[in-house]
Every structure is written in C-alpha cells, then in structure tokens.
Amino acid sequence: MANFTKSHVPRFSAEVYQNPYLPEGGREVHAIVTVTATGGGTTGGRPVSAGGAGGPDAGVVIMVDCSGSMDYPPAKMRGAREATAAAIDTVRDGVGFAVVAGTHRATEIYPGGGRLAVAGATTRAEAREALRKLSAGGGTAIGTWLRLTGRLLSSAGAGIRHAILLTDGRNEHESPQELRAALDSCLGSFTCDARGVGTDWEVKEVTAIASALLGTADIVADPAGLTADFTRMTEQAMGKEVADVVLRLWTPLGAEAVFVKQVAPTVEDLTGRRRESGPRSGDYPTGSWGDESRDYHLCLRVPAAAVGQEMLAGRVSLIISAPDGPASATPPRPLPQGLVRAVWTDDAVASTSINPQVAHYTGQAELAQVIQQGLDARKSGDTDSATEKLGRAVQLAGASGNEATAKLLAKVVDVVDAATGTVRLKAKVAEADEMTLETRSTKTIRVKK
C-alpha cells in the first residue's frame with residue numbers, strides 16, 4: 001500500500017486484489033483496485049486543484065427546471081424553491097454559488113452578471129429572496145443550462161466545481177445531438193448530480209448527464225423529498241477536498257488495457273474516457289474526492305508466456321490533474337501506486353481460481369446490466385426476455401447480498417425462488433417503482449472481506 005500527504009489533501013491509499021496466476025498461454029489479467037482517501041473531508045481546508053488561485057475554494061451552481069410542467073402539480077415548483085434554499089443554506093462561507101433557472105433557455109436568477117456570489121449571511125439572504133422569481137413557464141433545453149453553468153464555474157476559478165441539476169420532464173426543446181455537444185463541452189469542467197422529480201422525466205437522459213459529468217443520478221418521486229435530498233447532495237459537495245483526480249494506468253510493451261470500470265459505489269465504465277498521458281500510459285477521470293473509498297475493475301491483456309515466467313502487467317497510480325489540460329504529478333511526495341502481476345503456472349487449481357473481489361464485482365456489473373436489459377424488454381413487450389433478465393437480476397442480488405436492489409426488484413417482479421432466479425412479472429407496477437429500479441440499478445455493495 002502506498003500513500004501521500006499534503007496540507008489539506010486527503011491521504012490516498014491503493015490496494016490491489018487479484019489472482020495473478022495464468023495457465024500457459026493465458027493472456028487476460030483481472031484485478032480490483034481499492035482507492036481510499038482519508039483525512040481530507042473533515043479538515044476544513046481549502047480544496048486543492050491545479051487551477052483556481054485567488055478564486056473561491058469551491059463553486060456550486062444549482063440548475064432548477066422552470067419549464068411549464070413544474071406547475072403540475074404546484075408542489076413541484078414549491079418543493080424546488082424550498083430545496084434550493086436549503087442547499088444554499090448548506091453552502092459553507094467562502095464558497096461561490098449561483099442559481100440558474102432552466103427552460104428552453106438558461107437564466108441567471110442569482111447573483112447575475114455572469115459570476116458566482118460568495119457565500120455569507122448577506123448573499124444567502126439575497127439568494128433566498130431571489131428564489132421568489134422562480135416560476136414555471138416555457139420548454140426544456142438542458143444543454144443550455146449546462147453550458148451556462150460551465151461558464152459560471154470556469155469564470156470563478158474555483159477549485160472544486162460542482163453542479164446540481166433538477167428536472168421534471170424530457171429534454172424536448174433541443175436535439176439529442178445538441179445535448180451531447182453541450183455535455184462534451186462540459187467534460188472535465190465540473191461534476192454534476194442530477195435529479196428527476198416526479199415520473200415524467202426520462203431515466204436514460206438524466207443518468208447519462210450524471211454519468212458524463214461524474215456525478216450521481218436519482219429519482220425524487222415525491223417533491224416533499226427534495227429538501228432533504230438537496231441538503232445531502234450539497235453537504236457531500238462541501239466535503240470534497242481535492243479536484244480533478246485521475247487514475248493513471250501504465251502497461252508494459254505488448255500489454256494493453258481491455259477495460260477500466262469503477263465498480264463501487266456505482267458501476268461506471270471509464271474505458272472510453274481514456275486520455276493518453278505518456279508512453280504506454282493513459283488517464284481515466286474520477287472527479288473530486290473527499291473522505292471516501294472507491295473500487296475499480298481492471299482487465300489487462302498481456303503477451304502469452306510459458307510456465308514459470310512472471311511480468312508486471314500494469315501499474316496504477318492517482319494523479320491530480322489540471323482541469324483543462326494534461327494530468328501532472330504535482331504533489332511533492334509519491335502518489336499511491338498499485339501493481340498488477342501476471343504469473344504463468346501449470347497448477348490448474350491456482351490458474352482457475354477467481355479472486356473473491358473480482359468475482360463479486362463481476363457479478364455486480366452483470367446485475368446492473370441485466371436490470372437495464374430486463375426493464376427495456378418489459379417496456380417493449382418482450383415478456384419472456386424481461387422475465388429471464390429480471391430473474392437473473394434477482395438471483396445475482398440475492399447471492400451478493402445486495403438487499404437494496406433486491407427490494408427494488410421485488411416491486412417489479414414476484415419472486416418465486418431467488419436462488420434459481422425464478423420470477424413472474426407483476427401485472428401492474430407503479431411507474432415510480434420501475435423508474436427507481438432503473439435509476440439505481442448501477443448502485444453496488446462492497447465485497448464482504
């Protein structure tokens with residue numbers, strides 16, 4: 001295990017779990033890398049980033065859907081105002097913040113002028129007063145909200161850059177290509193937690209936004225739950241102490257990365273986000289960190305070798321990167337590193353053994369996949385496929401001890417035998433229950449050690 005320490009920076013550690021043994025000619029090596037940060041989120045120090053000198057230590061922008069549908073029922077807009085006020089109250093002194101009203105265009109509600117306000121008693125009071133201006137009317141073009149948020153956070157030069165997005169409907173006033181282009185322009189600029197209120201929004205749309213911007217996605221079916229959710233999200237954002245952390249993977253000549261996935265606390269495929277960072281090395285974004293732990297699943301392909309040979313298959317380290325440029329190892333002490341090995345053996349027991357951590361997270365990734373496939377099949381009317389996939393999901397959830405997902409599945413299917421995955425589709429399913437299962441399908445549980 002390796003560590004580094006810097007003033008007001010979390011102490012990072014990296015642990016590798018794997019079975020390094022391959023049969024003669026074997027080429028694929030799997031490993032779970034557990035990265036843990038401690039001592040940063042409770043220090044109260046200034047967040048660390050490659051940029052932001054002289055600016056606020058952090059910046060938060062809250063995007064509130066103000067399209068016409070937010071008035072049906074009126075509790076949605078009322079809940080949004082109250083939740084935004086609660087989030088503002090949670091922002092700590094000295095943090096930059098702004099509120100954006102989103103319709104078919106984006107409007108600065110507070111403070112205005114293309115800037116962030118600095119949190120304090122006066123600005124919080126002013127912001128709460130400005131929230132009275134939030135009213136429902138117009139369409140939905142989320143890309144414009146994201147672009148404005150990106151400009152506000154970039155202009156402030158903040159260290160930690162975070163956004164909260166609330167919507168209640170589909171992105172009907174811009175094309176999917178326009179939303180994708182907006183997301184692409186925001187990649188690496190800020191993280192974003194996205195929430196859908198009610199049941200008239202599109203799960204894949206909201207989860208795609210959160211995924212692209214390395215944030216969380218969830219449903220708040222009842223507007224009464226918005227205040228607690230917004231408060232919790234803002235508290236978590238205030239706990240971040242280091243921004244723009246990337247996972248750097250180096251592989252030797254002849255070896256390559258097949259995939260890199262975050263597998264805890266949620267499943268997130270980072271493979272396509274790789275940016276080359278040097279000879280045989282690439283960086284995968286992980287966003288901002290406070291006191292927390294995350295797990296990553298690496299699959300590496302190495303050159304085939306004979307029994308008795310051994311090689312370093314890969315080296316993993318954490319790097320604090322510049323928000324708009326290439327990653328750079330700026331801290332003065334070594335960053336944590338984890339080594340992935342490959343050893344060729346003629347011991348069949350050793351080479352066929354699956355590491356418990358690898359097995360657990362392979363199952364969790366499959367669980368997320370079959371839930372999505374099952375729900376898609378159910379929506380398309382393919383009941384046989386839906387029953388098969390959701391039955392497999394019940395089996396995986398039960399075997400891994402993922403009780404939260406098992407409870408959500410039980411609202412969509414009648415479980416006959418969890419151990420064998422025998423289920424029946426429920427004739428009637430509340431829309432909120434189905435959307436909750438879909439939205440939370442990627443949440444995993446840690447392996448029991």
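On a predicted model such as this, the values are computed, not experimentally measured, just so you know.
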(message) Could you check whether any side-chain N or O of T207 sits under 3.5 Å from a backbone N or O of T439, counting only pairs where one atom can act as donor and the other as acceptor?
(response) no
(message) According to salt bridge (charged side-chain N to carboxylate O under 4.0 Å, His left out), does anything in residues 251-262 pair up with another residue at least two apart or in another chain? List the pairs.
(response) E256-R301
(message) I'd like to know whether L146 forms a side-chain contact (heavy atoms from CB on, under 4.5 Å) with L165, so could you lay out the CA-CA distance, the side-chain angles of the two residues, the decisive distance to 0.1 Å, and finally the verdict.
(response) CA-CA 9 Å; L146 295 169; L165 184 153; 4.0 Å; yes
(message) Between T271 (side chain only) and V260 (backbone N and O only), is there a donor and an acceptor less than 3.5 Å apart?
(response) yes
(request) Could you check T167, T216, D218 and say which one makes a side-chain hydrogen bond (donor to acceptor under 3.5 Å, both in side chains) with R195? (result) T216
(message) Is there a salt bridge (charged side-chain N to carboxylate O under 4.0 Å, His left out) between R294 and E292? Walk through the geometry before answering.
(response) CA-CA 7 Å; R294 307 180 197 173; E292 58 189 295; 3.0 Å; yes
(message) Counting C-beta onward and ignoring hydrogens, is there a side-chain heavy-atom pair between I319 and V245 closer than 4.5 Å?
(response) no
(message) Would the distance check show the side chain of D200 and the main-chain N or O of G169 forming a donor-acceptor pair, the cut-off being under 3.5 Å?
(response) no
(request) Step by step, work out the side-chain contact (heavy atoms from CB on, under 4.5 Å) result for L270 and Y296. (result) CA-CA 10 Å; L270 303 177; Y296 298 90; 4.0 Å; yes
(message) If only side-chain N and O atoms count, and only distance matters, is there a donor-acceptor pair under 3.5 Å linking E276 with S281?
(response) no
(message) I'd like to know whether K389 forms a salt bridge (charged side-chain N to carboxylate O under 4.0 Å, His left out) with D382, so could you lay out the CA-CA distance, the side-chain angles of the two residues, the decisive distance to 0.1 Å, and finally the verdict.
(response) CA-CA 11 Å; K389 297 297 184 181; D382 185 350; over 6 Å; no
(request) May I ask you to test the L437-I371 pair for a side-chain heavy-atom distance under 4.5 Å? (result) yes
(message) Looking at D93 and R124, is there a salt bridge between them, counting it only when a charged N and a carboxylate O are closer than 4.0 Å?
(response) yes
(message) What I want to find out is whether D433 reaches K426 closely enough, with some N-O distance under 4.0 Å, to be called a salt bridge.
(response) no
(message) My understanding is that only residues two or more places apart in sequence, or in another chain, count here; which of them pass side chain to side chain donor-acceptor pair (under 3.5 Å) with N171?
(response) E174
(message) So W250 and L312, do their side chains get closer than 4.5 Å, heavy atoms only?
(response) yes
(request) In plain terms, say whether R274 and D283 are close enough for a salt bridge, that is, a side-chain N and a carboxylate O under 4.0 Å apart. (result) no
(request) Enter the distance from L187:CG to L214:CG here, rounded to the nearest 0.5 Å. (result) 8.0 Å
(request) Can you run down the side-chain hydrogen bond (donor to acceptor under 3.5 Å, both in side chains) pairs that involve residues 359-372, sequence neighbours left out, and say none if there aren't any? (result) D295-Y361, Y361-R446, Q364-S400, Q364-N402, E366-R392, Q372-S441
(request) Run the numbers on E178 and R147 for salt bridge (charged side-chain N to carboxylate O under 4.0 Å, His left out), then give the verdict. (result) CA-CA 11 Å; E178 288 173 315; R147 289 183 186 276; over 6 Å; no
(message) Counting C-beta onward and ignoring hydrogens, is there a side-chain heavy-atom pair between L249 and Y284 closer than 4.5 Å?
(response) yes
(request) Would you indicate whether the side-chain heavy atoms of V412 and L390 approach each other to under 4.5 Å? (result) yes
(message) Below 30° counts as parallel, above 60° as perpendicular, anything between as tilted: where do the rings of H104 and H173 land?
(response) tilted
(message) Are F97 and Y110, when compared by the centres of their aromatic rings, separated by less than 6.0 Å?
(response) yes
(request) For the pair K411 and E434, find out whether any cationic side-chain nitrogen is under 4.0 Å from an anionic carboxylate oxygen. (result) no
(message) Checking D291 against T38 for the side-chain hydrogen bond (donor to acceptor under 3.5 Å, both in side chains) test, could you report, in this order, the C-alpha distance in whole Å, the side-chain angles of both residues, the deciding distance, and whether it holds?
(response) CA-CA 5 Å; D291 281 358; T38 57; 5.9 Å; no
(message) Looking at D71 and K76, is there a salt bridge between them, counting it only when a charged N and a carboxylate O are closer than 4.0 Å?
(response) no
(message) R180: which residues meet the side chain to side chain donor-acceptor pair (under 3.5 Å) condition with it, sequence neighbours left out?
(response) D184
(request) Indicate the atoms forming the closest heavy-atom contact of A87 with T234, along with that distance. (result) CB-OG1, 3.3 Å
(request) Could you pull out the closest heavy-atom pair between G139 and S67, with the gap in Å? (result) O-CB, 3.2 Å
(message) Test of understanding: with side chain to side chain donor-acceptor pair (under 3.5 Å), list the residues that count as partners of D376, not counting sequence neighbours.
(response) K204
(request) Could you check whether the rings of H297 and H30 sit parallel, tilted or perpendicular, using 30° and 60° as the cut-offs? (result) tilted
(request) Decide yes or no for S135 and M77: does some side-chain heavy atom of the first lie under 4.5 Å from some side-chain heavy atom of the second? (result) no
(message) Here's a test for you: under side chain to side chain contact (heavy atoms under 4.5 Å, CB included), which of I445, T405, T442 qualifies with L367?
(response) T405
(message) With rounding to the nearest 0.5 angstrom, report the CG to CG distance, D193 to L213.
(response) 10.0 Å
(message) On the six-membered ring of W145, is R105 placed so that its NZ or CZ lies under 6.0 angstrom from the centre and within 45° of the ring axis?
(response) no
(message) Measuring only between side-chain heavy atoms, which start at C-beta, is V16 closer than 4.5 Å to V316?
(response) no
(request) Could you tell me whether the side chain of T444 and the main chain of P265 form a donor-acceptor pair under 3.5 Å? (result) yes
(request) Work out which heavy atom in A257 is nearest to a heavy atom in L300; give both atom names and the distance. (result) CA-CD2, 3.9 Å
(message) Could you check whether any side-chain N or O of S154 sits under 3.5 Å from a backbone N or O of R151, counting only pairs where one atom can act as donor and the other as acceptor?
(response) no
(request) Please name the pair of heavy atoms, one in A163 and one in M63, separated by the smallest distance, quoted to 0.1 Å. (result) CB-CE, 3.7 Å
(request) Locate the shortest heavy-atom distance separating V29 from A313; write the atom from each residue and the value. (result) CG2-CB, 4.5 Å
(request) Step by step, work out the side-chain contact (heavy atoms from CB on, under 4.5 Å) result for D57 and V95. (result) CA-CA 6 Å; D57 63 353; V95 169; 3.4 Å; yes
(message) Quick check against the 3.5 Å criterion: does Q262 have a side-chain atom that pairs as donor or acceptor with the backbone of T266?
(response) yes
(message) Restricting to non-hydrogen atoms, name the atom on A37 and the atom on W289 that form the minimum distance, rounded to 0.1 Å.
(response) CB-CE3, 3.8 Å
(request) Just jot down the side chain to side chain donor-acceptor pair (under 3.5 Å) partners of E202, sequence neighbours excluded, or say none. (result) none
(message) Under a plain distance cut-off of 3.5 Å, with no hydrogens placed, do S293 and T36 share a side-chain donor-acceptor pair?
(response) yes
(request) Take E438 and K379 through the test side-chain contact (heavy atoms from CB on, under 4.5 Å) and record every step on the way to the result. (result) CA-CA 12 Å; E438 185 175 4; K379 291 174 186 176; 2.9 Å; yes
(request) Calculate, to the nearest 0.5 Å, the distance between atoms OG1 and CG belonging to T140 and D168 respectively. (result) 7.0 Å
(request) To the nearest 0.5 Å, tell me how far R81 CZ sits from R128 CZ. (result) 15.5 Å
(request) Report yes if some heavy atom in the side chain of Y17 is under 4.5 Å from a heavy atom in the side chain of V358; otherwise report no. (result) no
(request) Check for a donor-acceptor pair, side chain of T103 on one end and backbone N or O of C66 on the other, with a separation under 3.5 Å. (result) no
